[in-house]
Every structure is written in C-alpha cells, then in structure tokens.
Amino acid sequence: MASFEQDRHQGRIYLSPPDVGSLELARVKEAFTENWIAPVGPHLDAFEREISDVLGGGIHAAALNSGTAALHLALLLSGVVPGDEVICSTFTFVAPANAIRYIGASPVFIDSEATTWNLDAALLAEVLKQRASKGNLPKAVVVVHLYGQSADLKPILQVCREHGVILIEDAAEALGSTYLSQPLGTVGDFGVFSFNGNKIITTSAGGMLVSRDAKAVDRARFLASQARDPASHYEHSEIGFNYRMSNVLAGIGRAQLDSLAEKVAKRRSLYLNYREALRDLPGIGFIPETGKDAPNRWLTCITIDSVIAGIDTEVLRVALEARNIESRPLWKPMHLQPLFADAKCYGGAISENLFLTGLCLPSGSSLAADEFDRVVTTIRGIWR
Ligand SMILES: *Cc1c(COP(=O)(O)O)cnc(C)c1O
C-alpha cells in the first residue's frame, strides 16, 4: 500500500497532453510583434502551405478553427443536403456523426473489421451494391482512421468510385500516418485533420480541410469566412460560417509542424515499447499491425480478454487512476449512443467488442522514460 500512496503523490501522467516548447512561444510573439492578432495573417497562409508540403504535391489546405468545422464543410462541399444519407464509421469519436446531423442529413453506420479496427471495406462494398440496386446510394462516405491507424483505403476508394460516391477521410487522429506510402487524408476526395490539445500536433484548438480540388478548398475558405461576396461593403448571398483559424494559432501550428516527424517517431516507439514490455501478460492484445500502413500510433491501445487475464479494462483503468495515471476506454460506437438510437447500422459486433475490451494507454510525445516505466510497472502489478 505504501507504494500506492507514493504514486499518488507523483505527477499525473496524462493520456496525450500538448507537447509545446519555445518555438511555439516565438511564433506567438512574432504574431504580437507584427500585430497580426486579427483572424487572417501571414502565419495562416504559411501554415496552409506547410501542411500542403507535408502531405505532398497537389494538395490544397484550408485552416479552420476545428476538425469538426472541417468535417461540416467537407460534407457541404460534397453536396450533402437535408434529408440525404451519409455512410460513416460507427467506431469513431462523435464529431463526424454530429457534422452529418448539422446539415439535416442522416448518418448510416457501418461496423469495423478486425484487421484494421476501422470501417469494414467488404461490408461497405456489399452495402453500396445493395443500395445501388435500389437507387438509394448515399451522397458520401466518411471513413475514420482511428488512433492514427488506416482503414483499408484501396478497396474503400475503389467501391466509392465505382458508385460515384464521395469519400471523406476523417484523419483527425492520423496526421503523419501513411497507407501504402500515401499520407492519410490525401487518398479520398477530402481529408480532415484536428489540432485539438490532445492530437498529434496542436494549435490548442484547430483543424484543416485538405483536397486536390483547389476550387473546393477556395470555396471552403469562403464559407468559413461568413461567405462574404466580393464588394467593398458586406454583401452576402448564401449562408456562411465563422470557421477560420486565427493567425496566432496558425503560428503555434507552424512550430508544431516543424517537429511532426519527431512526434510521430516518439509515439511509434512508445507503441513498440509497450508491446515489448507487456506482450507476455496473459489475455493482452494490441491495436493490430496491418502491414499496409505506417501509423502514427496516436494512442497505444490494448485489449483485454478478461476470462484469461482475470481482470477487465475497467478494473485496470480504475487501478491506474488510483495511481494518478490517465487511461481511457476505446471510443463507444455511435450505434450504441443514445443520440443515434434511431440511426441504421450495418453490423456492429466488432466495434462493440472493441469498446468492451479496449483501453488507451498514456501515449504523449512528451512522455518521459521514467513515466513510461511507471505505467508499465503499474500495469504488470495489477495484472498479477
Ligand atoms: C478530435 C476528432 C475530431 C474533431 O476534431 P476537433 O478539432 O476536436 O473538432 C473528429 N474526428 C475524430 C476521429 C477525432 O478524434
């Protein structure tokens, strides 16, 4: 018991805290010095350019004030209108499903596949084929790359193209991940990133919409700035939004982007080190390696077969919390949420099981070696 008391007095270990330093501060100071505190400014344009560079040739980017705003605009640009149906991964954070509802459209959920934990490509193909034969294809598909792991995009893109359905990648958790050497967020028609405080890089809050379609990205900037028509006065002919990122926050984003590679490398090595340090524990599993992607390992996720392990994820989570270590269940599927009780879902067993058996471990890029050891020692102690 003495050691529990000791742990409680040690610093809290967070799941994925912001990892910022002096370069971020310098960029913010620059914005102050040059008096670019207004929403627009040179950091904003530069951040968009630098994100495009990171994602490779031909990608255009619009910096927004959240990933959710980027999802909303991606859906609008896809032509989604009230009454439409949009297919979405059920195993996700709520943002994409909410964005579909903002438009007055309905999400139709699809389960995960065991190999990627993300949208089941074969099930999607079946659903689109069936719907095509009945003439009720969805306007768009939102595929979510959870925890930085790629969905199996090749067959997903292929079946979307076959049926003329737009593909939106929710890569909010997946900046710096690739699928068959291509950056996530650049495979479909639109890609969405988030720079919320706990993501791979942060601007405290922020997001980015990317696409190869320069016109669509221009229109995203227009819609994100209250849809102001060209005129010396304020002229408006359609509904716009206040969704633009501020120049100050773009400065933080630029500094964060400078160390993206290091941040990804750190999280990937944490994942490998967790695997190595915990793999002999009976009943433990890890977010799978697909062989097709180089995931950023935003969060290291484990699963527990409680029959074999003798403990379940909630026991482990509470015991970690008692030692001042934050962990979190995997995302609760949308078809289990009261908010979406009426929504249709194809399948569901895989994501339900992941929710019941999975836990995210502290994975921040600033996690120190002694903190990592404390997490591992604690987990091993609890297992016994
Ligand atoms: C964080 C997140 C979002 C939303 O991003 P915000 O910037 O917080 O609005 C969307 N989708 C997923 C999967 C996320 O994890």
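Counting starts at 1 for both ligands and their atoms, following the listed order.
In summary, the atoms of ligand 1 found under 4.0 Å from a heavy atom of Ala95, numbered by their order in the structure, are 3 (C), 4 (C), 10 (C). For ligand 1 and Val144, the ligand atoms under 4.0 Å from any heavy atom of the residue are 13 (C). Residue-ligand proximity, Gly206 to ligand 1, at heavy-atom distances under 4.0 Å covers atoms 7 (O). Below 4.0 Å from some heavy atom of Ser194 lie the following atoms of ligand 1, by number and element: 1 (C), 5 (O), 6 (P), 7 (O), 8 (O). Close approach to Ala172 involves these atoms of ligand 1, each under 4.0 Å from a residue heavy atom: 2 (C), 3 (C), 10 (C), 11 (N), 12 (C), 14 (C).
Defined by atom type and a distance below 3.5 Å, a donor-acceptor pair is present between the side-chain atoms of Glu169 and His145. At a cut-off of 3.5 Å, with distance as the only test, a side-chain donor of Arg12 or Asn324 sits close to an acceptor on the other residue.
In terms of the side-chain hydrogen bond (donor to acceptor under 3.5 Å, both in side chains) criterion, Asp370 has no residue partners (sequence neighbours excluded).
Checking only distances, Asp170 does come within under 3.5 Å of ligand 1, N or O to N or O. For ligand 1, the polar-atom distance check finds an N/O of Gly67 within less than 3.5 Å of one of the ligand's N/O atoms. Looking at Lys199 next to ligand 1, an N or O pair under 3.5 Å apart turns up.
Closest non-hydrogen pair, Ile100 versus Pro107, comes out as CG2-N, 3.6 Å.
Just one residue in the list Asn65, Leu44, Leu223 forms a side chain to side chain contact (heavy atoms under 4.5 Å, CB included) with Arg244, and that residue is Leu44. With Val141 as the partner, the side chain to side chain contact (heavy atoms under 4.5 Å, CB included) test is satisfied by one option alone out of Ile166, Asp189, Ile168, Leu119: Leu119.
Contacts of Thr68 with ligand 1, taken as heavy-atom pairs under 4.0 Å, involve both backbone and side chain.
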